[in-house]
Amino acid sequence: MPDVSVVIPTTGRPSVAEAVRSARAQRSVSVHVVVVCDLAEVPPTVRELGGEVDEVVCTGGGRRGSYARNLGVAHAAPGSHVAFLDDDDAWLPGKLAAQVPVLERLVAEGWRPVVSSRILQRKAGGEPLPTAAPSTLIADGALPEDYLFRRRRLGVGRQSLPTSTLLTTGELAAACRWDETLPRHQDWDWLVRVARLPGARITQVPEATAVYTVGSPGSISAGADWRTSWAWAQRWEGVWARETFADFIAAQTLRYALQARDWEGVREMVRAIRRNSAPSVPNAALAALGMVPRATLERVAMRRSRAATDAAIPRQPDGSR
(Lines give C-alpha, C1' and ligand atoms only; values in the text may rest on other atoms or scores of the structure.)
Protein backbone atom coordinates (compact mmCIF):
# COMPACT_ATOMS: atom_id res chain seq x y z
CA MET A 1 0.00 0.00 0.00
CA PRO A 2 1.48 3.39 -0.89
CA ASP A 3 2.61 5.48 2.05
CA VAL A 4 1.68 8.87 0.54
CA SER A 5 -0.79 9.92 -2.13
CA VAL A 6 0.46 13.06 -3.91
CA VAL A 7 -2.29 15.34 -5.22
CA ILE A 8 -1.11 17.58 -8.09
CA PRO A 9 -3.72 19.91 -9.62
CA THR A 10 -2.77 21.25 -13.05
CA THR A 11 -4.08 23.32 -15.92
CA GLY A 12 -1.61 21.63 -18.24
CA ARG A 13 1.44 23.81 -17.66
CA PRO A 14 4.70 22.23 -18.91
CA SER A 15 6.09 22.52 -15.38
CA VAL A 16 3.76 19.69 -14.27
CA ALA A 17 6.39 17.23 -15.54
CA GLU A 18 8.97 18.54 -13.06
CA ALA A 19 6.40 18.37 -10.23
CA VAL A 20 5.49 14.74 -11.02
CA ARG A 21 9.10 13.64 -11.38
CA SER A 22 10.06 15.29 -8.10
CA ALA A 23 7.30 13.27 -6.39
CA ARG A 24 8.55 10.08 -8.04
CA ALA A 25 12.10 10.82 -6.86
CA GLN A 26 11.20 10.70 -3.16
CA ARG A 27 13.50 8.59 -1.00
CA SER A 28 12.38 5.96 1.54
CA VAL A 29 8.65 6.46 0.85
CA SER A 30 6.27 4.91 -1.68
CA VAL A 31 4.09 7.41 -3.53
CA HIS A 32 0.81 7.23 -5.41
CA VAL A 33 0.74 10.19 -7.81
CA VAL A 34 -2.69 11.62 -8.62
CA VAL A 35 -2.75 14.37 -11.26
CA VAL A 36 -6.00 16.33 -11.41
CA CYS A 37 -6.45 18.26 -14.65
CA ASP A 38 -8.74 21.26 -14.30
CA LEU A 39 -9.73 20.76 -17.93
CA ALA A 40 -12.28 18.87 -19.98
CA GLU A 41 -9.68 16.34 -21.14
CA VAL A 42 -6.13 15.29 -20.33
CA PRO A 43 -3.61 17.73 -21.88
CA PRO A 44 -0.53 16.56 -23.83
CA THR A 45 1.79 17.67 -21.00
CA VAL A 46 0.17 15.06 -18.74
CA ARG A 47 -0.33 12.33 -21.39
CA GLU A 48 3.41 12.45 -22.09
CA LEU A 49 4.15 11.42 -18.49
CA GLY A 50 2.63 7.97 -19.07
CA GLY A 51 3.37 5.52 -16.27
CA GLU A 52 4.98 8.18 -14.07
CA VAL A 53 1.42 9.05 -12.98
CA ASP A 54 -0.71 6.49 -11.14
CA GLU A 55 -4.06 8.20 -11.71
CA VAL A 56 -5.23 11.03 -13.93
CA VAL A 57 -8.63 12.61 -13.45
CA CYS A 58 -10.27 15.67 -15.00
CA THR A 59 -12.61 18.18 -13.37
CA GLY A 60 -14.40 19.12 -16.59
CA GLY A 61 -12.62 22.47 -16.66
CA GLY A 62 -12.71 25.77 -14.81
CA ARG A 63 -13.38 24.33 -11.35
CA ARG A 64 -10.24 25.83 -9.74
CA GLY A 65 -7.67 24.50 -7.29
CA SER A 66 -9.87 23.63 -4.32
CA TYR A 67 -12.21 21.43 -6.37
CA ALA A 68 -9.19 19.76 -7.97
CA ARG A 69 -7.58 19.05 -4.58
CA ASN A 70 -10.81 17.61 -3.18
CA LEU A 71 -11.12 15.38 -6.22
CA GLY A 72 -7.52 14.30 -5.79
CA VAL A 73 -8.09 13.42 -2.14
CA ALA A 74 -11.09 11.32 -3.19
CA HIS A 75 -8.72 9.35 -5.46
CA ALA A 76 -6.03 8.90 -2.81
CA ALA A 77 -4.92 5.32 -2.17
CA PRO A 78 -6.84 3.79 0.77
CA GLY A 79 -4.99 4.15 4.04
CA SER A 80 -2.31 6.48 2.66
CA HIS A 81 -1.26 9.89 3.90
CA VAL A 82 -1.95 12.83 1.58
CA ALA A 83 0.47 15.48 0.34
CA PHE A 84 -0.28 18.45 -1.90
CA LEU A 85 1.99 19.71 -4.69
CA ASP A 86 1.26 22.57 -7.10
CA ASP A 87 2.16 22.06 -10.74
CA ASP A 88 4.66 24.94 -10.83
CA ASP A 89 6.57 23.78 -7.73
CA ALA A 90 8.86 20.80 -7.11
CA TRP A 91 9.92 18.69 -4.14
CA LEU A 92 13.46 18.07 -3.02
CA PRO A 93 14.30 14.32 -2.88
CA GLY A 94 14.18 14.05 0.92
CA LYS A 95 10.86 15.88 1.34
CA LEU A 96 8.68 13.02 2.48
CA ALA A 97 11.50 11.22 4.28
CA ALA A 98 11.83 14.30 6.52
CA GLN A 99 8.10 14.79 7.09
CA VAL A 100 6.51 11.34 7.28
CA PRO A 101 8.25 10.30 10.54
CA VAL A 102 7.11 13.56 12.18
CA LEU A 103 3.55 13.02 10.96
CA GLU A 104 3.43 9.43 12.18
CA ARG A 105 4.94 10.31 15.57
CA LEU A 106 2.25 12.96 16.10
CA VAL A 107 -0.47 10.52 15.03
CA ALA A 108 0.85 8.00 17.55
CA GLU A 109 0.60 10.72 20.22
CA GLY A 110 -3.08 11.23 19.39
CA TRP A 111 -2.84 14.33 17.19
CA ARG A 112 -4.42 15.05 13.80
CA PRO A 113 -1.36 16.68 12.25
CA VAL A 114 -0.47 18.83 9.27
CA VAL A 115 3.28 18.95 8.61
CA SER A 116 4.81 21.80 6.61
CA SER A 117 8.45 22.83 6.10
CA ARG A 118 10.76 25.50 4.82
CA ILE A 119 11.14 26.14 1.09
CA LEU A 120 13.63 27.41 -1.47
CA GLN A 121 12.15 30.18 -3.61
CA ARG A 122 12.67 30.86 -7.29
CA LYS A 123 11.28 33.12 -9.96
CA ALA A 124 9.47 31.32 -12.78
CA GLY A 125 12.14 29.93 -15.08
CA GLY A 126 14.98 30.76 -12.67
CA GLU A 127 17.21 28.95 -10.22
CA PRO A 128 16.18 28.69 -6.55
CA LEU A 129 17.67 30.98 -3.96
CA PRO A 130 20.03 29.11 -1.63
CA THR A 131 18.55 30.59 1.56
CA ALA A 132 15.66 28.60 3.04
CA ALA A 133 12.47 30.41 4.06
CA PRO A 134 10.59 31.20 6.22
CA SER A 135 13.01 32.57 8.77
CA THR A 136 10.72 31.65 11.68
CA LEU A 137 8.70 28.45 11.98
CA ILE A 138 5.21 28.20 13.48
CA ALA A 139 5.29 27.69 17.24
CA ASP A 140 3.61 24.72 18.90
CA GLY A 141 -0.03 25.55 19.55
CA ALA A 142 0.00 28.75 17.49
CA LEU A 143 -2.99 29.48 15.29
CA PRO A 144 -2.03 29.69 11.60
CA GLU A 145 -3.55 33.15 11.16
CA ASP A 146 -1.49 34.54 14.05
CA TYR A 147 1.68 32.99 12.62
CA LEU A 148 1.00 34.02 9.02
CA PHE A 149 -0.34 37.54 9.46
CA ARG A 150 0.83 39.06 12.76
CA ARG A 151 3.93 41.27 12.49
CA ARG A 152 4.63 39.91 9.04
CA ARG A 153 8.27 40.05 8.00
CA LEU A 154 9.33 41.91 4.88
CA GLY A 155 11.02 40.00 2.07
CA VAL A 156 11.38 36.34 1.14
CA GLY A 157 11.86 35.24 4.76
CA ARG A 158 8.28 36.08 5.75
CA GLN A 159 6.11 33.56 7.55
CA SER A 160 4.60 30.93 5.26
CA LEU A 161 2.98 27.50 5.12
CA PRO A 162 3.03 26.85 1.35
CA THR A 163 0.58 24.39 -0.15
CA SER A 164 3.36 22.35 -1.76
CA THR A 165 4.86 21.62 1.68
CA LEU A 166 1.67 20.29 3.27
CA LEU A 167 1.46 16.66 4.35
CA THR A 168 -1.42 15.28 6.41
CA THR A 169 -3.28 12.06 7.11
CA GLY A 170 -5.89 10.72 4.71
CA GLU A 171 -8.43 11.03 7.53
CA LEU A 172 -7.82 14.74 8.06
CA ALA A 173 -7.62 15.48 4.33
CA ALA A 174 -11.08 13.93 3.90
CA ALA A 175 -12.51 15.55 7.04
CA CYS A 176 -11.53 19.10 6.06
CA ARG A 177 -12.35 19.74 2.43
CA TRP A 178 -10.93 22.70 0.54
CA ASP A 179 -13.48 25.48 0.05
CA GLU A 180 -14.50 25.28 -3.61
CA THR A 181 -16.16 28.72 -3.59
CA LEU A 182 -12.89 30.58 -3.06
CA PRO A 183 -10.96 31.99 -6.03
CA ARG A 184 -8.15 33.11 -3.70
CA HIS A 185 -6.55 32.32 -0.31
CA GLN A 186 -7.59 28.67 -0.62
CA ASP A 187 -4.53 27.40 1.27
CA TRP A 188 -4.84 29.95 4.10
CA ASP A 189 -8.53 29.17 4.46
CA TRP A 190 -7.90 25.43 4.63
CA LEU A 191 -5.23 25.86 7.31
CA VAL A 192 -7.37 28.23 9.40
CA ARG A 193 -10.27 25.75 9.36
CA VAL A 194 -8.07 22.69 9.97
CA ALA A 195 -6.60 24.33 13.07
CA ARG A 196 -10.08 24.56 14.60
CA LEU A 197 -10.79 20.84 14.34
CA PRO A 198 -10.47 18.77 17.55
CA GLY A 199 -6.95 17.43 18.00
CA ALA A 200 -5.47 19.28 15.04
CA ARG A 201 -1.86 20.38 15.17
CA ILE A 202 0.16 22.28 12.55
CA THR A 203 3.92 22.00 12.64
CA GLN A 204 6.93 22.57 10.39
CA VAL A 205 10.16 20.63 9.97
CA PRO A 206 13.20 22.92 9.78
CA GLU A 207 14.48 21.53 6.48
CA ALA A 208 13.67 23.05 3.11
CA THR A 209 11.74 20.30 1.32
CA ALA A 210 10.27 22.07 -1.72
CA VAL A 211 11.13 24.59 -4.40
CA TYR A 212 8.42 27.24 -4.53
CA THR A 213 7.86 29.29 -7.68
CA VAL A 214 7.06 33.00 -7.33
CA GLY A 215 5.19 34.79 -10.10
CA SER A 216 4.13 31.92 -12.36
CA PRO A 217 2.18 33.03 -15.44
CA GLY A 218 -1.55 33.07 -14.67
CA SER A 219 -1.01 32.85 -10.91
CA ILE A 220 -4.06 34.10 -9.03
CA SER A 221 -1.92 35.22 -6.09
CA ALA A 222 -0.05 37.68 -8.31
CA GLY A 223 -3.05 39.99 -8.78
CA ALA A 224 -4.10 43.00 -6.69
CA ASP A 225 -7.73 41.96 -6.18
CA TRP A 226 -8.55 43.54 -2.83
CA ARG A 227 -12.29 42.77 -3.05
CA THR A 228 -11.77 39.00 -3.16
CA SER A 229 -9.36 39.17 -0.23
CA TRP A 230 -11.78 41.39 1.70
CA ALA A 231 -14.70 39.02 1.09
CA TRP A 232 -12.64 36.18 2.56
CA ALA A 233 -11.38 38.24 5.51
CA GLN A 234 -14.91 39.25 6.50
CA ARG A 235 -15.63 35.60 7.36
CA TRP A 236 -13.07 35.85 10.16
CA GLU A 237 -13.71 39.31 11.58
CA GLY A 238 -14.68 38.76 15.21
CA VAL A 239 -13.19 35.24 15.13
CA TRP A 240 -9.51 36.09 14.83
CA ALA A 241 -7.80 38.26 17.41
CA ARG A 242 -8.34 41.94 16.61
CA GLU A 243 -4.61 42.52 16.18
CA THR A 244 -4.35 39.65 13.71
CA PHE A 245 -7.31 40.87 11.69
CA ALA A 246 -5.96 44.44 11.53
CA ASP A 247 -2.53 43.17 10.48
CA PHE A 248 -4.07 41.04 7.71
CA ILE A 249 -6.12 43.96 6.39
CA ALA A 250 -3.12 46.30 6.42
CA ALA A 251 -0.63 43.96 4.76
CA GLN A 252 -3.05 42.29 2.36
CA THR A 253 -6.27 44.05 1.39
CA LEU A 254 -5.20 47.65 2.03
CA ARG A 255 -1.97 47.00 0.16
CA TYR A 256 -3.94 45.55 -2.77
CA ALA A 257 -6.34 48.51 -2.78
CA LEU A 258 -3.36 50.87 -2.88
CA GLN A 259 -1.78 48.87 -5.72
CA ALA A 260 -5.03 49.14 -7.65
CA ARG A 261 -5.29 52.87 -6.81
CA ASP A 262 -8.85 52.14 -5.66
CA TRP A 263 -9.41 54.95 -3.17
CA GLU A 264 -12.86 53.74 -2.22
CA GLY A 265 -11.30 50.44 -1.25
CA VAL A 266 -8.54 52.21 0.67
CA ARG A 267 -11.12 54.10 2.73
CA GLU A 268 -13.09 50.92 3.44
CA MET A 269 -9.96 49.06 4.58
CA VAL A 270 -8.94 51.95 6.85
CA ARG A 271 -12.38 51.80 8.49
CA ALA A 272 -11.98 48.03 9.01
CA ILE A 273 -8.62 48.59 10.68
CA ARG A 274 -9.99 51.33 12.94
CA ARG A 275 -12.78 49.15 14.31
CA ASN A 276 -10.29 46.41 15.20
CA SER A 277 -6.79 47.47 16.19
CA ALA A 278 -3.82 49.51 15.05
CA PRO A 279 -1.64 47.40 12.75
CA SER A 280 1.89 46.49 13.75
CA VAL A 281 4.75 48.54 12.33
CA PRO A 282 5.87 45.81 9.86
CA ASN A 283 2.35 45.39 8.50
CA ALA A 284 1.81 49.13 8.23
CA ALA A 285 5.05 49.27 6.24
CA LEU A 286 3.77 46.49 3.97
CA ALA A 287 0.57 48.46 3.40
CA ALA A 288 2.59 51.51 2.35
CA LEU A 289 4.47 49.37 -0.15
CA GLY A 290 1.18 49.04 -2.02
CA MET A 291 2.25 52.21 -3.79
CA VAL A 292 5.15 50.24 -5.34
CA PRO A 293 4.43 47.76 -8.19
CA ARG A 294 4.45 44.12 -7.02
CA ALA A 295 6.97 43.03 -9.66
CA THR A 296 9.41 45.65 -8.38
CA LEU A 297 9.01 44.43 -4.80
CA GLU A 298 9.62 40.81 -5.82
CA ARG A 299 12.81 41.76 -7.69
CA VAL A 300 14.10 43.76 -4.72
CA ALA A 301 13.28 40.94 -2.26
CA MET A 302 15.09 38.36 -4.40
CA ARG A 303 18.14 40.61 -4.78
CA ARG A 304 18.28 41.24 -1.04
CA SER A 305 18.13 37.51 -0.35
CA ARG A 306 20.93 36.79 -2.84
CA ALA A 307 23.02 39.61 -1.40
CA ALA A 308 22.55 38.28 2.14
CA THR A 309 23.58 34.81 1.00
CA ASP A 310 26.67 36.13 -0.80
CA ALA A 311 27.67 38.12 2.28
CA ALA A 312 27.52 34.95 4.39
CA ILE A 313 29.94 33.07 2.11
CA PRO A 314 33.56 33.80 3.12
CA ARG A 315 35.91 35.17 0.51
CA GLN A 316 39.04 33.30 -0.57
CA PRO A 317 42.45 35.01 -0.39
CA ASP A 318 42.17 35.94 -4.07
CA GLY A 319 38.87 37.70 -3.42
CA SER A 320 36.66 34.95 -4.89
CA ARG A 321 33.91 33.21 -2.91
Side-chain angles (χ1 to χ4, degrees), residues 7-11 13 15 36 38-39 59 61-73 84-89 114 116 119 121 124 134 143-150 152 158-166 176-196 202 212-237 239-240 244-262 264-266 268-269 272-273 283 286-287 289-290 293-295 297-298:
V7 176
I8 308 176
T10 186
T11 53
R13 286 191 280 207
S15 56
V36 185
D38 193 19
L39 299 162
T59 67
R63 304 300 295 269
R64 298 192 295 237
S66 287
Y67 183 95
R69 293 186 187 99
N70 288 335
L71 185 58
V73 170
F84 299 101
L85 175 57
D86 288 347
D87 71 348
D88 55 346
D89 298 335
V114 177
S116 178
I119 55 171
Q121 298 184 60
L143 290 170
E145 65 268 21
D146 293 335
Y147 167 70
L148 290 166
F149 309 137
R150 288 279 286 275
R152 197 171 184 190
R158 65 182 178 271
Q159 305 94 304
S160 63
L161 295 160
T163 302
S164 293
T165 68
L166 301 179
C176 189
R177 292 171 57 83
W178 294 67
D179 188 335
E180 298 171 8
T181 69
L182 292 177
R184 192 173 199 156
H185 305 324
Q186 299 162 354
D187 51 350
W188 289 345
D189 178 80
W190 187 79
L191 288 163
V192 168
R193 289 187 294 107
V194 160
R196 284 160 169 78
I202 298 172
Y212 175 80
T213 304
V214 179
S216 293
S219 172
I220 292 173
S221 63
D225 179 6
W226 70 269
R227 288 183 174 84
T228 300
S229 289
W230 175 228
W232 179 70
Q234 285 176 291
R235 301 179 177 193
W236 302 107
E237 187 170 10
V239 178
W240 295 350
T244 299
F245 189 83
D247 266 4
F248 176 84
I249 296 303
Q252 202 76 28
T253 54
L254 176 56
R255 176 164 58 91
Y256 286 163
L258 286 167
Q259 284 178 350
R261 305 299 189 264
D262 188 326
E264 177 186 349
V266 169
E268 186 171 355
M269 294 306 96
I273 290 171
N283 288 52
L286 277 167
L289 290 175
R294 181 188 177 103
L297 292 176
E298 289 178 350

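Small disclaimer: the values here were computed from a predicted structure and weren't measured.
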- Message: Test of understanding: with side-chain hydrogen bond (donor to acceptor under 3.5 Å, both in side chains), list the residues that count as partners of Q234, not counting sequence neighbours.
- Response: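 Checked Q234 against side-chain hydrogen bond (donor to acceptor under 3.5 Å, both in side chains); zero matches.
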
- Item | Residues forming a side-chain contact (heavy atoms from CB on, under 4.5 Å) with T59, sequence neighbours excluded | V36, D38, R63, Y67, A68, L71

- All side-chain contact (heavy atoms from CB on, under 4.5 Å) counterparts of E145, not counting sequence neighbours: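 For E145, the residues satisfying side-chain contact (heavy atoms from CB on, under 4.5 Å) (neighbours in sequence not counted) are L143, F149, V192, R196, W240, T244.
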
Determine yes or no for a side-chain-to-main-chain donor-acceptor pair under 3.5 angstrom, with [X] supplying the side chain and [Y] the backbone.
| X | Y | answer |
| --- | --- | --- |
| Q186 | L182 | yes |
| D225 | T228 | yes |
| T213 | D88 | yes |
| N283 | A250 | no |
| Q159 | R150 | yes |

Nearest 0.5 Å, what's the [atom1]-[atom2] distance between [X] and [Y]?
| X | Y | atom1 | atom2 | result |
| --- | --- | --- | --- | --- |
| W230 | T253 | CH2 | OG1 | 6.5 Å |
| E268 | L254 | CD | CG | 11.5 Å |
| R13 | T11 | CZ | OG1 | 5.0 Å |
| I273 | F245 | CD1 | CZ | 9.5 Å |
| D86 | I8 | CG | CD1 | 9.5 Å |
| S160 | L148 | OG | CG | 7.5 Å |

With the side chain counted from C-beta on, respond yes when [X] and [Y] share a heavy-atom pair under 4.5 Å apart, and no when they do not.
| X | Y | answer |
| --- | --- | --- |
| P144 | W190 | no |
| L85 | V7 | no |
| W236 | D189 | yes |
| L161 | V114 | no |
| Y256 | S229 | yes |
| F84 | T165 | no |
| R152 | D247 | no |
| F248 | H185 | yes |

- Query: Would D179 and R235 pass as an ion pair if we require N to O under 4.0 Å?
  - Reply: yes

- Stepwise, does the salt bridge (charged side-chain N to carboxylate O under 4.0 Å, His left out) test hold for R69 with D187? CA-CA 11 Å; R69 293 186 187 99; D187 51 350; over 6 Å; no

- Message: If you compare all heavy atoms of A287 against all heavy atoms of L258, which two are closest, and at what distance to 0.1 Å?
- Response: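 Between these two residues, the closest heavy atoms are O-CD1, 3.0 Å.
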
